[in-house]
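What you see is a predicted model, and the numbers here were worked out from it, not measured in a lab. By convention in this document, chain letters (A, B, ...) are assigned in the order of the sequence lines, proteins followed by strands, and residues within each chain are numbered from 1.
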Number of protein chains: 2
Amino acid sequence: MGRRNQHSREQQRDMAIAAAELILVREGFGGLSMRKVADAIGYTVGQLYLIFQNQDDLLATINERTTDAIYGHLRDRSEAIDEPLARLRALAAAYIEFAQRHPHRFRMLFEHQLPPAMEPRVSGELRIKRMFELVESNLAPLLPGAPPARLRQTAATLWGGVHGIAALAVSGKFKWAGNRDFERYSDELVSTFAAGLAAG
Amino acid sequence: MGRRNQHSREQQRDMAIAAAELILVREGFGGLSMRKVADAIGYTVGQLYLIFQNQDDLLATINERTTDAIYGHLRDRSEAIDEPLARLRALAAAYIEFAQRHPHRFRMLFEHQLPPAMEPRVSGELRIKRMFELVESNLAPLLPGAPPARLRQTAATLWGGVHGIAALAVSGKFKWAGNRDFERYSDELVSTFAAGLAAG
DNA sequence: CCGTGAAAACGGACAACGTTCAGAACAGCG
DNA sequence: CGCTGTTCTGAACGTTGTCCGTTTTCACGG
């Protein structure tokens with residue numbers, strides 16, 4: 001038809017992303033289909049494929065936004081805190097909080113995988129890296145004089161651990177523990193780990 | 001037709017599970033369809049629905065078997081070790097090893113969720129619980145005189161952490177760390193965490 | 001050996017999915 | 001008005017989970 005609506009390609013893209021995120025939040029990863037997104041923005045499926053390469057492209061785009069959202073949330077929750085250990089605890093708690101508040105977005109970020117045929121997204125990997133660097137910089141004061149390689153490894157260890165608590169919380173496999181206050185676990189993990197660093 | 005083949009219902013069930021696990025290992029979670037399973041065992045899809053309630057039922061069954069396999073692997077790798085801390089390290093390393101050796105089975109265990117309409121599987125939850133208790137019992141010597149609630153909480157914290165490293169390893173989001181030897185992370189986590197417990 | 005009824009298995013149907021693409025419908029220009 | 005090129009549609013294809021009417025086969029009674 002040629003520009004039947006008033007929306008530029010860029011606008012269509014934004015609308016599609018917003019609609020997809022709404023569907024994701026409401027119905028979860030599995031309920032997010034290209035057809036539903038197309039219906040929600042008033043276009044047909046075919047048009048979506050002129051905006052996104054395929055469904056994986058759309059999902060990866062949403063995942064990049066989720067990573068940004070987590071990063072922003074971590075910054076917000078930690079910037080007002082001075083003491084490094086308290087900051088790490090706040091970062092961990094914020095991570096858990098995000099996962100519990102946006103379980104579907106969190107899950108899709110880690111469960112969706114690009115098919116091997118598609119080339120990896122550098123922008124997405126950089127965002128993950130940036131998030132880990134936030135931990136790394138806050139961990140540095142606890143390991144004075146440690147070489148960068150050691151610092152990176154320890155940050156990855158600690159943050160992998162925090163991620164595990166969030167992942168289990170969101171997967172529903174943590175029910176047996178009976179405790180729904182998952183910040184307790186992250187608090188204990190960060191505190192005990194830090195104590196171990198200080199002792200070692 | 002009435003028993004055209006020689007296979008009892010129980011046998012068909014076993015065949016279907018074995019076939020499904022093979023497909024899962026070869027093609028991943030997303031490539032596992034009811035039709036492929038039916039083809040693989042020489043029956044039609046309809047017949048599969050007389051054996052399993054639906055696809056979720058089949059997947060949950062496989063997940064219970066995966067949990068058993070992890071449990072067995074953890075036992076094998078830890079039973080010959082006397083020292084409690086070394087045992088914990090071995091348990092963590094075994095967990096990581098299983099995740100890396102069977103990424104698709106590991107992922108499905110934590111990524112598949114029963115639809116809310118289906119009643120939760122007590123047998124599956126008990127298996128997860130049993131796995132955590134293995135950690136708990138090996139953690140006890142490090143926390144002499146700790147009340148059971150504290151012990152459970154600490155075991156959950158530590159094992160959540162180990163799980164996070166395995167989950168990140170398997171999700172492919174850990175590439176930035178550059179290190180493919182994930183046991184280093186679990187070793188550091190367990191050792192530092194234990195040092196923190198001893199210090200506190 | 002044949003007939004019958006119940007159990008077992010098939011196979012086609014349905015809706016929804018991702019993806020593609022020929023052609024229709026429009027905007028702007030001359 | 002008519003032409004041109006972009007934009008968009010709508011139908012199609014193959015695959016998925018799930019259901020159910022139909023057919024086939026077996027075990028048993030006569």
Discussion item. Tell me the interatomic distance from D57(B), atom CG, to dG17(D), atom P, rounded to whole angstroms.
Written reply: 14 Å

Item to complete: Mark yes or no: R107(A) above the aromatic ring of F29(A), with NZ or CZ under 6.0 Å from the six-membered ring centre and no more than 45 degrees from the axis.
Response: no

Item to complete: Output the single nucleotide from dC17(C), dC8(D), dT16(D) whose closest atom is nearest the side chain of S33(A).
Response: dC17(C)

Discussion item. So does F110(B) get a backbone contact from the side chain of K173(A), meaning a donor-acceptor N/O pair under 3.5 Å?
Written reply: no

Worksheet item: With a non-hydrogen cut-off below 4.0 angstrom, is Q53(B) in contact with a base, only sugar-phosphate, or nothing?
Response: nothing

Practice prompt. By nearest nucleotide on DNA chain D, pick out whichever of Q47(A) and D56(B) is the more 5' one.
Written response: Q47(A)

Worksheet item: Looking at R35(B), does any N or O in its side chain come under 4.0 Å of the phosphate oxygens OP1/OP2 on dG12(C)?
Response: no

Response to the item:
Note: for Y49(A) and G46(B) on DNA chain C, the residue whose nearest nucleotide lies more 5' is G46(B)

Worksheet item: In degrees rounded to 10°, what angle is found between the helical axes fit to the five outermost pairs at each end of the helix from dC1(C)-dG30(D) to dG30(C)-dC1(D)?
Response: 30°

Practice prompt. Give me the ring orientation class for F98(A) and H73(A): parallel if the planes are under 30° apart, tilted from 30 to 60°, perpendicular past 60°.
Written response: tilted

Worksheet item: Are any of Q12(B)'s side-chain N or O atoms less than 4.0 Å away from OP1 or OP2 of dA9(C)?
Response: yes

Worksheet item: Any chance CD of E119(A) has more than 12 other-residue heavy atoms, nucleotides or ligands included, within less than 6.0 Å?
Response: no

Worksheet item: Please walk me through it: do E97(B) and R101(B) pass salt bridge (Lys or Arg N to Asp or Glu O under 4.0 Å)?
Response: CA-CA 6 Å; E97(B) 187 191 8; R101(B) 283 237 277 248; 3.2 Å; yes

Practice prompt. Can you see which heavy atom on L32(B) is nearest to which on A20(B), and at what distance?
Written response: CD1-O, 3.7 Å

Item to complete: For M34(A) and for L50(B), locate the closest nucleotide of DNA chain C by heavy-atom distance; then report the residue assigned to the nucleotide nearer the 5' terminus.
Response: L50(B)

Worksheet item: Any donor-acceptor pair under 3.5 Å linking the side chain of S137(A) with the backbone of L134(A)?
Response: yes

Discussion item. Counting only side-chain heavy atoms from C-beta out, which of dC10(C), dC8(D), dT16(D) sits nearest to Y43(B)?
Written reply: dC10(C)

Item to complete: Tell me which nucleotide among dC10(C), dT18(D), dC8(D) gets nearest to the side chain of Q55(B).
Response: dT18(D)

Discussion item. From C-beta outward on N54(B), which listed nucleotide comes closest to its side chain: dT19(C), dT18(D), dA9(C)?
Written reply: dT18(D)

